[in-house]
Every structure is written in C-alpha cells, then in structure tokens.
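Working notes, beginning with the structure itself.
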Amino acid sequence: MYNLLIFIYFVYIQVLPITQDNIQLVLLAAIIFNTFFKFSQSMSSFTKKFLSENKNLLAFKILMINSFIFTSFGLITNKPGAEEYFFLDTIFPLLYLAIFSTGKSDNFVKMISLCFTISTFIIGVIFILQMLNFGGGSDFLASLSDSSEIEGVATNSDGKVTGIRFIPLASLSYLTSVSFHDLAHSITDFQRKIKLKNIDKVRGSFLIAINLFNFTSTLFCIIMSGRQGLLVGFISSLVIIVIVQTIASSTQKYKNMRYVEEGRKHIMLMLSTILFFIILVSFANNVVDIIHIDYETLIKGFTEKNKGDVERIGQFNSLLDGWYESPIIGHGNGAAVSLVRNDERPWRYELGYILRLNNMGLLGTGIHCFGLLLICINLFKNFYKSGKIFYMSSLAGLLSLLFADGTNPYLIRFTVFYYLYYCLWLSMNKETSFVKQDILRKS
C-alpha cells in the first residue's frame with residue numbers, strides 16, 4: 001500500500017505539477033505519515049552515516065547545511081519569503097530524502113523509473129490530443145491550470161500551430177532527457193536479448209515503441225512550446241555527457257572502470273538516434289502538415305525572444321542591483337528586490353541563478369553549485385562502476401533541469417525540485433568499482 005501511494009503520487013505530480021492542489025497534498029500527507037514510522041526505524045543508522053566520512057554524503061551535507069544557514073539568515077533579517085524558503089529549501093528536501101530512503105534501493109529505483117515512463121507517456125498522449133484539440137482537451141487542461149492565463153494551442157490565421165501552453169512543461173525539464181536515455185537503453189537491451197524467446201522480443205519491441213513515443217512527443221512539445229530553457233537544457237545535457245564520456249574514456253583513471261565501454265556504446269546509440277530523428281523530422285516536415293515546422297520562423301523566434309522579454313530583463317537588472325549591495329553573502333533566502341513579479345509572493349523570480357546570487361551571494365551560490373557538481377560526479381562514477389542505466393539517465397535529467405532553471409523557477413516548486421533530491425539520494429549510493437581487465441570476455 002505504501003509503495004502504491006508513492007507510485008500514484010509521483011505520477012500525479014509529474015502529469016499535473018500544480019503547486020496548489022489538494023489531491024497531491026493529501027497523497028503527500030499520507031506518504032509522510034507512513035514514512036515517519038518507516039524512516040524512524042532506520043534513523044539511528046542514517047545519523048551514523050551522516051556523521052561518517054563517507055564522501056558520497058558530502059553533497060547532501062553541503063546542500064542541507066548551506067540551505068539552512070542562508071534560510072536562517074533570511075528569517076533573522078525578516079525577509080518576506082524566508083518562512084516559505086524554510087519549507088521549500090530545508091523541510092521538503094528532507095521529507096523527500098526520507099521517502100526515498102525508506103525503500104530498498106533497487107526496487108525503489110525501478111518503481112520511480114516506471115513512474116517516469118508512465119508519466120511521460122500520459123503527457124505525450126495529452127500533448128497530441130491538445131495539438132489536435134480532440135475532445136475539448138485544451139478546455140480540460142485550462143481548467144486544471146493554476147495560472148490566470150488560458151492554456152491551449154496558439155495558431156496563426158492559416159490555422160497552423162505557432163505555440164502551445166502546457167501544464168506538464170515543468171516536468172519535461174527532466175523527463176525528456178530521461179526518456180531519451182531510456183530509449184537508447186531499451187534498444188541496447190533488445191539487441192542483447194534478440195536470441196531469446198519470442199515473448200522477450202515482444203516485450204523489448206514494446207518498450208522501444210513506448211520510449212520512442214515518449215521521447216518524440218515530449219521533444220516536439222518542448223519545440224512547439226517555444227521554451228528556450230527546456231530545449232537548451234536538453235541539448236546541453238546531451239553535449240555535456242558526450243564530452244565527459246569522451247574525456248573519461250581516454251583518461252587512465254576512468255577507462256579501467258568496468259562500464260566505460262558500455263557508456264561509449266550508449267552515447268553512440270543516442271547520437272545515432274538524434275541523427276535518425278533529424279532525418280525523420282526533415283522528411284515529415286514536407287509530408288505531415290500537423291507537425292510542420294517553419295525553421296526560419298522558429299530560429300528567428302528563439303533569437304528574438306530574449307530581446308523582447310521585458311519582464312525577464314527587468315528581473316535580471318533588479319536582482320543584479322540587489323546582489324551588488326551585498327555581493328559576498330547576499331540578503332538571505334526569501335529576499336525581494338525593487339521589481340515585484342508576484343504580489344502574493346514578491347520573493348519569487350524566474351531567473352533561478354541570479355535569484356540565488358541575490359539571496360546567497362557569491363559564497364552561498366558557490367557552495368550550492370559545488371554541492372550540485374558533487375551530485376553529478378557521483379552519478380557519473382556510479383554508472384561507470386555499476387553499469388546501471390538509471391545513474392546515466394538521472395544525470396541527464398538533472399543537467400537538463402539545472403539548465404532550464406536558469407530561465408524558469410523550477411527548483412522552487414516542490415512538484416519539480418523533488419527530482420534534484422532524488423538524484424542526490426541516488427548519488428549517495430556507494431557502488432563497488434571493478435577493473436575492466438578482470439571482466440573482459442575472452443575472445
């Protein structure tokens with residue numbers, strides 16, 4: 001029952017990442033109630049681990065202590081959003097980490113991975129229905145939105161789609177990259193099992209089809225939404241992982257790890273998939289009108305968007321001016337600046353890293369970024385030690401989310417930032433290292 005609650009909750013918040021929603025709060029409350037008893041049983045061992053010198057826990061210590069210090073700073077100096085930051089930056093992360101820590105690692109990861117697959121599939125189906133405006137899909141989605149603006153498909157005078165507002169875009173900040181790696185892994189897994197029973201071939205083909213649909217539909221959703229941060233996040237995530245893999249495979253320290261060769265094959269397959277995808281879209285662009293993309297208009301829109309984004313430019317200048325007043329330690333979490341974006345929450349802005357710079361200054365922001373870097377490094381190492389694909393896909397999703405947060409405040413929404421702490425929990429696993437030469441197959 002407990003695992004079922006967790007499964008339903010994470011699917012729910014990914015498909016409908018609305019911050020003010022009673023259903024998800026009830027689900028979360030039920031999970032926390034059960035987690036309290038489960039986690040309290042292992043609290044003693046967890047405390048010992050926290051106080052130990054385990055390097056895998058260093059990122060956790062850095063992020064939690066850094067967050068607590070600057071939130072306390074905001075509370076002491078009476079910053080308007082300090083209390084909300086106390087819950088968002090300290091309490092909720094600990095709750096999520098407690099939830100993740102109650103299950104058996106491998107089984108829990110499989111369940112969360114299934115949540116990602118199912119959620120991405122549901123989002124893809126809803127996106128297509130909304131694109132076709134089938135069955136009043138746009139009106140239904142608009143009624144679920146926590147925004148005063150109408151969600152829906154934007155078209156020009158010729159009826160062609162020019163943009164789309166879509167509730168689960170926040171979830172796609174990490175799900176698109178995760179689905180892409182899952183697609184590559186499902187193809188690799190199918191190739192390994194191609195000589196097995198027919199039932200395994202059917203299952204493998206089905207999984208490839210699902211992951212292909214998930215990746216294709218969500219990538220189109222990002223493109224049609226015109227969200228620069230999401231597209232840049234996906235591309236940057238892929239580029240960084242390719243570069244790091246290239247360096248690792250030529251570095252003596254890492255190339256002796258057991259799964260470096262597996263990582264190379266995985267990335268080559270992803271790059272081949274991207275190339276195939278580009279060729280397919282180029283062909284479909286001239287045949288299927290529903291997904292026709294005017295590249296010239298799209299590129300022009302992306303390049304011109306920043307110049308005309310008066311709101312973000314204003315936020316950038318105000319936050320930068322605020323940071324100049326206290327460049328080293330900032331003003332504390334929950335601080336507001338001269339420009340107010342939201343009257344109810346004047347401390348909320350869209351530019352995640354400039355906001356953090358205003359709140360934490362160079363010192364706190366540098367420490368925070370160092371903690372994030374450690375998470376990425378640990379995920380990277382754990383994949384090349386264990387060969388477990390969820391480390392690679394989780395790293396890809398995390399990188400994509402971190403880039404996207406630069407232009408949209410995803411990491412101050414508890415329906416999205418949980419993914420950061422899921423990756424933190426994964427990075428705390430200590431995988432055993434193997435030497436490549438000990439497991440090479442004899443030719």
Side-chain angles (χ1 to χ4, degrees), residues 49-50 52-70 89-90 93-94 96-97 100 173-174 177-178 181 229 232-251 253-254 257 260 263 267 328-330 333 351-386 388 390-407 409-412 416-431 433:
K49 288 181 180 179
F50 180 78
S52 70
E53 297 182 0
N54 186 347
K55 293 182 179 179
N56 287 52
L57 291 176
L58 182 58
F60 168 67
K61 296 175 183 178
I62 287 174
L63 291 178
M64 291 296 100
I65 295 173
N66 189 56
S67 171
F68 179 77
I69 289 173
F70 283 94
D89 236 26
T90 306
L94 290 175
Y96 278 130
L97 286 169
F100 297 141
S173 58
Y174 57 91
S177 289
V178 171
H181 284 261
V232 170
F234 169 74
I235 295 173
S236 300
S237 171
L238 177 61
V239 170
I240 289 174
I241 287 178
V242 169
I243 292 174
V244 170
Q245 159 62 21
T246 303
I247 295 173
S249 61
S250 60
T251 303
K253 179 180 178 181
Y254 290 105
M257 285 187 176
V260 169
I267 288 171
I328 305 301
I329 62 172
N333 284 336
L351 307 173
Y353 295 104
I354 307 300
L355 171 61
R356 194 168 291 278
L357 199 61
N358 174 71
N359 289 350
M360 294 182 163
L362 286 172
L363 178 63
T365 304
I367 293 173
H368 180 80
C369 290
F370 178 65
L372 297 178
L373 178 63
L374 287 178
I375 295 175
C376 295
I377 291 174
N378 286 337
L379 289 174
F380 171 81
K381 287 182 177 180
N382 281 347
F383 170 75
Y384 290 109
K385 289 177 180 178
S386 68
K388 296 174 181 176
F390 59 77
Y391 286 120
M392 177 74 84
S393 61
S394 299
L395 172 59
L398 177 59
L399 290 172
S400 182
L401 174 60
L402 293 177
F403 275 98
D405 189 61
T407 57
Y410 297 127
L411 288 179
I412 57 173
V416 179
F417 73 53
Y418 86 88
Y419 185 78
L420 167 62
Y421 296 98
Y422 169 68
C423 291
L424 172 59
W425 174 71
L426 285 179
S427 74
M428 289 158 58
N429 293 337
K430 192 171 183 180
E431 296 289 349
S433 181

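The distance from atom CD1 of I377 to atom CG of L372, rounded to the nearest 0.5 Å, is 11.0 Å. Distance check: N333 CG to N358 CG gives 10.0 Å after rounding to the nearest 0.5 Å. Distance CG/L379 to CE/M392: 10.5 Å, rounded to 0.5 Å. Rounding to the nearest 0.5 Å gives a distance of 6.0 Å between OH of Y410 and OG of S173. Remark: L426 CG to K388 NZ distance equals 10.0 Å, nearest 0.5 Å. Note that CZ of F60 is 5.5 Å distant from CG of L94, once rounded to the nearest 0.5 Å.
Considering every non-hydrogen atom in both T90 and S67, the closest pair reads OG1-OG, 3.4 Å. Closest of all the heavy-atom pairs between T246 and V242 is OG1-O, 2.7 Å.
When atom types are taken as modelled, the side chain of S400 and the backbone of G397 share no donor-acceptor pair closer than 3.5 angstrom. Using a distance-only test at 3.5 Å, with no hydrogens or angles considered, a donor-acceptor pair links the side chain of N378 to the main chain of L374. For D405 (side chain) and G352 (main-chain N/O), no donor-acceptor pair under 3.5 Å exists by modelled atom type. No side-chain donor-acceptor contact under 3.5 Å links S237 to the backbone of L399. With hydrogens and angles ignored, the 3.5 Å screen pairs no side-chain donor or acceptor of N429 with any backbone N or O of N382. A donor-acceptor contact shorter than 3.5 Å links the side chain of Y419 to the backbone of S394. Panel note: side chain S393, backbone H181; no donor-acceptor pair is recorded below 3.5 Å. The backbone N or O of M360 lies less than 3.5 Å from no partner atom in the side chain of T365, so there is not a single donor-acceptor pair.
Side-chain contact between F70 and N359 is absent, with no heavy-atom pair separated by less than 4.5 Å. Two residues are said to be in side-chain contact when any heavy atoms from C-beta on lie closer than 4.5 Å; Y391 and K381 fail this criterion. Contact check for L398 versus L420: side-chain heavy atoms found under the 4.5 Å cut-off. Side-chain contact between F383 and I241 is absent, with no heavy atoms from C-beta onward closer than 4.5 Å.
With M428 as the fixed residue, the side-chain contact (heavy atoms from CB on, under 4.5 Å) test singles out one of L57, I375, L58: L57. Residue I367 is tested with I69, L362, N66 for a side-chain contact (heavy atoms from CB on, under 4.5 Å); the sole match is N66.
The ring of Y422 has its center no closer than 6.0 angstrom to the ring center of Y96.
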key: Stepwise side chain to side chain contact (heavy atoms under 4.5 Å, CB included) check, C376 with L395   = CA-CA 6 Å; C376 295; L395 172 59; 3.7 Å; yes
key: Worked check of side chain to side chain contact (heavy atoms under 4.5 Å, CB included) between L401 and V416   = CA-CA 9 Å; L401 174 60; V416 179; 3.9 Å; yes
